[in-house]
Amino acid sequence: MTNHTPRVFSGVKPSGGLQLGNYLGAIKRFVDMQGQDFEAIFCVVDLHAITVWQDPKELKAATREVTAGYLAAGIDPAKSVLFNQSQVPAHAELAWLFNCVARVGWMNRMTQFKDKAGKNAEKVSLGLYAYPALMAADILLYHATHVPVGEDQKQHVELTRDIAAKFNHDYGAEGFFPLPEPIIDGPATRVMNLRDGSKKMSKSGESDMERINMTDDADTIAKKFKKARTDPEPLPDTLEGLKGRPEARNLVDIYAGLSETSPEAVITEFAGAGWGKFKPALADLAVEKLGPISEEMARLMNDTVEIDRVLAQGAEKAEAIAQPILDQTYDIMGFLRSRKG
Ligand code: TYM
């Protein structure tokens with residue numbers, strides 16, 4: 001039971017649209033991993049979205065938009081399993097079992113909950129607090145061994161390891177759940193807000209100028225990079241020279257992510273350049289790389305029948321992997337299962 005075959009799982013929430021951080025920190029990296037020597041499962045995690053109220057009229061559209069983003073970026077449903085979480089009920093079932101494994105003290109340490117709840121902790125949903133146990137269920141339901149995510153999700157993957165280890169130990173099932181590894185690599189695992197280099201780029205930020213949306217047109221992308229906050233200094237000739245310059249570092253990292261090089265290579269290319277040179281180069285690169293993706297997303301969004309078909313088929317494939325693992329989990333815990341075939 002201890003030798004788990006390599007399997008990748010990751011997910012993106014359909015709350016609001018996709019932003020550049022989701023692309024560079026997650027989806028683009030999923031595409032790069034696809035077709036290698038392991039099975040890959042990618043999910044639109046709609047059950048996670050409702051930890052904060054979502055307009056029922058918009059949830060389906062947001063689910064289709066994230067799916068369109070995956071497909072347009074290059075996720076191929078013939079090579080990877082692609083589905084939305086709520087179509088595989090086993091996620092919610094395993095999450096409940098894990099609510100009874102995870103400890104309140106562990107949840108209290110989750111920095112994302114503290115950030116999101118802020119001073120309002122008494123008023124947020126219980127789901128927002130329990131969210132990391134559902135994320136652990138997403139991953140462990142497939143016995144996934146590798147979880148590519150942006151930097152902000154590292155603590156949740158570490159919690160998943162703790163839940164797996166405690167389950168295995170408490171139920172005398174050593175090695176049943178693997179301890180999955182977070183995969184956080186590349187130059188853009190933490191894309192920052194364009195107006196404030198101390199904050200992460202996110203879809204929920206106050207101003208649209210803070211982020212690049214995957215659906216922005218060329219003019220909007222150019223305008224946002226032109227108005228991005230920077231300092232007056234030109235680019236240095238070594239990466240060291242970007243210390244203490246978070247906004248400058250962020251734009252260099254974004255350039256490296258989009259051009260598939262390293263921040264070092266970007267600095268070598270642009271050493272001594274002022275923003276009047278670098279920002280237009282970055283805008284051009286972003287339009288070149290993101291333009292075809294947003295066009296394809298728009299085309300796919302007009303074909304909801306096809307998107308829904310892909311998700312339905314993906315859910316069948318996902319369930320075929322998940323259900324036996326859930327059944328084994330129930331058995332290990334001692335549930336009476338007389339309906340089972
Ligand atoms: P979510 O929907 O907030 O983000 C999806 C992915 O995008 C990454 N990301 C970023 N990366 C770099 N810079 C940014 N500014 C940035 N913003 C977002 C996130 O790190 C993430 O990889 N809880 C997860 C979704 C989830 C999940 C899972 C992920 C649910 N179950 C199981 C992996 C495995 C979330 O809210 O991601």
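Start at 1 and go down the list; that is how both ligands and their atoms are numbered. The figures here come from the full heavy-atom set of this structure, side chains too, leaving out hydrogens, waters and symmetry mates.
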Protein residue, atom and distance nearest to [atom], heavy-atom basis:
atom: atom 1 (P) of ligand 1; result: Lys13 NZ, 4.0 Å
atom: atom 36 (O) of ligand 1; result: Tyr131 OH, 2.4 Å
atom: atom 25 (C) of ligand 1; result: Gly11 O, 3.6 Å
atom: atom 37 (O) of ligand 1; result: Gln153 NE2, 3.8 Å
atom: atom 7 (O) of ligand 1; result: Asn22 ND2, 3.2 Å
atom: atom 22 (O) of ligand 1; result: Gly150 N, 3.2 Å
atom: atom 14 (C) of ligand 1; result: Gly21 CA, 3.5 Å
atom: atom 13 (N) of ligand 1; result: Val191 N, 2.8 Å

With no hydrogens and no angle check, is any side-chain donor or acceptor of [X] less than 3.5 Å from a backbone partner on [Y]?
X: Lys13; Y: Ala49; answer: no
X: Asn22; Y: Gln19; answer: yes
X: Lys279; Y: Ala228; answer: yes

Which of the atoms of ligand 1 are close to [X], meaning less than 4.0 Å from one of its heavy atoms?
X: Val147; result: 33 (C), 34 (C)
X: Asp138; result: 28 (C), 30 (C), 31 (N)
X: Ala26; result: 6 (C), 7 (O), 22 (O)
X: Gly25; result: 11 (N), 12 (C)
X: Thr189; result: 11 (N), 12 (C), 13 (N)
X: Gln19; result: 17 (N), 18 (C)
X: Ile139; result: 32 (C), 34 (C)
X: Asp152; result: 19 (C), 20 (O)

Would you call the rings of [X] and [Y] parallel, tilted or perpendicular, where under 30° means parallel and over 60° means perpendicular?
X: His146; Y: Phe38; answer: parallel
X: Phe167; Y: Phe98; answer: perpendicular
X: Phe30; Y: Phe42; answer: parallel
X: His156; Y: Tyr131; answer: tilted
X: Tyr255; Y: Phe278; answer: tilted

Query raised in the report: Considering distance alone, does some N or O of Ser10 sit under 3.5 Å from an N or O of ligand 1?
Result: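 So ligand 1 has no N or O lying under 3.5 Å from an N or O of Ser10.
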Query raised in the report: Would you say Met201 and ligand 1 have an N/O pair spaced under 3.5 Å apart?
Result: yes
Query raised in the report: What part of Lys203, side chain from CB on, backbone N/CA/C/O, both or neither, has a heavy atom under 4.0 Å from ligand 1?
Result: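 Under 4.0 Å from ligand 1, Lys203 contributes side-chain atoms alone.
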Query raised in the report: Relative to ligand 1, is Val45 under 4.0 angstrom through side chain, backbone, both or neither, heavy atoms considered?
Result: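 Just the side chain.
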Query raised in the report: Is there a ring pair (Phe, Tyr, Trp, His ring centres under 6.0 Å) between Phe177 and Tyr171 once you walk through the steps?
Result: CA-CA 11 Å; Phe177 285 120; Tyr171 291 98; 9.8 Å; no
Requested in this report: Starting from the C-alpha separation in whole Å, work towards a yes-or-no answer on ring pair (Phe, Tyr, Trp, His ring centres under 6.0 Å) for Phe83 and His91.
Outcome: CA-CA 12 Å; Phe83 73 107; His91 287 253; 5.7 Å; yes
Query - Distance-minimising heavy-atom pair for Thr189 and Arg29 - result: CG2-NH1, 4.2 Å
Requested in this report: Take every heavy atom of Met192, measure it against each atom of ligand 1, and state whether any distance is under 4.0 Å.
Outcome: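 Under 4.0 Å: no for Met192.
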Report task. Consider ligand 1: state whether an atom of it lies below 4.0 angstrom from any non-hydrogen atom of Gln85. Result ->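 Flag not set, Gln85 not near ligand 1.
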Query raised in the report: Is the shortest side-chain N to carboxylate O distance from Asp162 to Lys166 below 4.0 Å?
Result: no
Requested in this report: For the pair Phe9 and His143, evaluate ring pair (Phe, Tyr, Trp, His ring centres under 6.0 Å) and give the outcome as yes or no after the intermediate values.
Outcome: CA-CA 9 Å; Phe9 182 95; His143 279 179; over 10 Å; no
